Amino acid sequence: MDYFVKTIVSLLKEKTSLQEDELEKLIEIPPDLKMGDYAFPCYSLSKTLKKAPNIIATELAKTLPIISPIVEIKAIGPYVNFFVNKATFSEMVLKKVCEERDCYGSGNIGSGRTVVIDYSSPNIAKHLAVHHLRSALIGSAIYNIYKTLGYRCMGINHLGDWGTQFGQLIVAYKKWGSENAHKSYTVTDLNNLYVKFHQEAEKNTALEDEAREWFKKLEAGDSEAKELWQHFKDISLKEFQKIYDMLGIHFDAFIGESFYNTMVEDTVTRIKGKGLTRISEQALIVDLETYSMPPCLLRKKDDATLYATRDIAAAEYRKKTYNFAKMIYVVGSEQKLHFKQVFKVLELMGYGWANHCVHVDFGLMKFKDGKMSTRKGKVVLLEDLLIEAVERIRKIIEEKNPSLENKEAVAKDVGIGAVLFADLSAKRNKDVVFDWDEALNFEGETGPYVQYTHARLCSILRKYGRPVTADIHFELLKEDETIILIKNLWRYPSVILKAAEFYEPSLISNYLIDVCGNLNRFYNAHRVLSDDEELTKARILLVDVTRQVIKNGLHILGMRAPERM
RNA sequence: GCGCCCGUAGCUCAGCUGGAUAGAGCAACGGUUUCCUAAACCGUAGGUCAGACGUUCAAAUCGUCUCGGGCGCACCA
């Protein structure tokens, strides 16, 4: 618990009938600095005491003793407001950040516990498009958040690398692709083959049979089929990796659906063994009507297994392999029902850990006039968006800071960061309508704003050119703009915790915008470097500490923090 | 039809485990640079928090219903 809150709670405990934990929950931060640093609302006491909250507040304010670090207690309406010693407060905050540096905001609540996070998980032989961005970025940010809190994280890319479409691709490749055997194939080529297959299949239905035939061969382990499939997979992974590298996204394992192929039989047997299944319309299902859900299909009438079956097998495998304390699926909200069903089946199988599985869903990305669709080719390729973002930033650098060194690297950090920050800014719940201008708007509450603020702070520190010390006169940090900033820096660790609790990276992006606003207001109102040596030392410490918090926040979102831009 | 999500300023969104006067950014208009990066900052204007009823000392926040938009609901993933 916060040292200041702790003191206030201990005071209140003496004069009220409430318990420590109740009091702690009630303590608030007043909306205005002038009202005080902490506040205790008296509404809940008015019931038991049968007095108006205003009167209780007045009485409490009179009777509570003033002990350090509290300097004043004042009733305002129904609130008892506490003022703490600003110098003590600043000293505590700034020294803490100064000591912890890159670790400020970290914790150990997760030590010894593993979290499995399933994110990105694209389909092989198709391009990564902008609507694939969200899963990757949200998942990656959650990975960083949990890691910061001391969890061991396993980031898994659950590739869509199995299914009849690979039979189709093999047929297309053999018919129209293999003559260029020496050509190095790209995902675009594979996509074209896939499209061509569908065009031709309309005229010639025999192609579909051929494709099914090849998929069967693939399932049976036919060496030619397997070799081609592996080839397609390699091509795709190479291209995916290029984009993951651009975005700075890391996975601990690429384990596609095909991997669980051999385990699915045992999984189905186990589910059957628990007496959970029955045959309905020739399909093998788990009836979930008691839980007001449609049935979970395990096997189609042609005996093939489904997505859900493989997900159940994968969950069993992951539990066995990683013994996770929590497993997080970062998948779009259109699959909510699917995961509810899968988790329910796991629960019915008797797995206590079923409720350690969470589906972190997010809103869809679509165009103004409708959905994005790989099948119809109605997509914006992720790579194009990233390249365009970097290109535009390059122009802005040319205009605003033409003498900058490393222009190329900075343009990359800022351009890609902008796309990333934009996607992580809104609560993940919300649908996103894709618009080029909006995606590439760099003004206001954006990634570049945060990075620019960081770069300015670095610039001041460079100009100062001496080591920063925490041995300063903390009472010099006294203006409103300064205090508001320091208060916000103090909040950072609790923001990380909340972001973890709600699986919500946007809490961090919003927090950074807030801190940067505080900083820029401070920056515009007060000079850091001046003839007053003591004041300069004090403000430079604040600058350095703010720089540190912004950097930590950017890193957790997966962004770079350039020192010049 | 049933289920889930969303609806806050012209636009994009914070605020939602109830609490002090509903906040930002963009767009509009006006201002700030002999001074640490003006990718910044300040000011003006802009609101029936979709609507109704209810719970409560107190509702943008909780509940019920209505309207509007999105998604899902058996052999795709």
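Each chain gets a letter, A, B and so on, in the order its sequence line appears, and its residues count up from 1. Note that the structure is a prediction, hence the values are computed from the model and not measured.
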Give each protein N/O atom lying under 3.5 Å from an N/O atom of nucleotides 5-13 of chain B, with the pair distance.
{"unit_1": "B:C5", "atom_1": "O3'", "unit_2": "A:Asn429", "atom_2": "ND2", "d": "3.4"}
{"unit_1": "B:C6", "atom_1": "OP1", "unit_2": "A:Asn429", "atom_2": "ND2", "d": "3.1"}

From [options], pick the nucleotide closest to the side chain of [X]?
X	options	answer
A:Ile396	B:A74, B:A39, B:C36	B:A39
A:Tyr452	B:U37, B:A77, B:C36	B:U37
A:Arg521	B:C35, B:C42, B:G15	B:C42
A:Asn401	B:U37, B:A74, B:G72	B:U37
A:Asn81	B:A38, B:G72, B:A20	B:A20

How would you label the contact of [X] with the nucleic acid (heavy atoms, under 4.0 Å): base, sugar-phosphate, or nothing?
X	value
A:Ala39	base
A:Lys366	sugar-phosphate
A:Pro41	nothing
A:Ile397	base
A:Met35	base
A:His454	nothing
A:Glu443	sugar-phosphate
A:Leu306	sugar-phosphate
A:Tyr449	sugar-phosphate
A:Arg564	base

Residues A:Glu399, A:Lys395: salt bridge by 4.0 Å N-O rule: no
Looking at CD of A:Gln335 and OH of A:Tyr307, how far apart are the two atoms once the value is rounded to the nearest 0.5 Å?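 One gets 3.5 Å once the value is rounded to the nearest 0.5 Å.
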Starting at the 5' end of RNA chain B, what dot-bracket string do you get if Watson-Crick and G-U pairs under 3.5 Å are bracketed, crossing pairs use [ ], other-strand pairs use | and unpaired bases use dots? (((((((..((((.....[...)))).(((((.......))))).....(((((..]....))))))))))))....
I'd like to check the side-chain contact (heavy atoms from CB on, under 4.5 Å) partners of A:Glu479; sequence neighbours left out, ordered by chain and number. A:Glu481, A:Thr482, A:His526, A:Arg539
Take A:Leu507 and A:Lys400, find for each the nucleotide of RNA chain B with the closest heavy atom, and name the residue whose nucleotide sits nearer the 5' end. A:Leu507
Between A:Arg456 and A:Tyr523, is NZ or CZ placed under 6.0 angstrom from the six-membered ring centre and within 45° of the ring axis? yes
May I ask you to check whether A:Phe367 and A:Trp436 place their ring centers less than 6.0 Å from one another?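 Here the rings of A:Trp436 and A:Phe367 have centres that are no less than 6.0 Å from each other.
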For B:C41 and B:U21, measure between their C1' atoms and round to the nearest Å. 24 Å
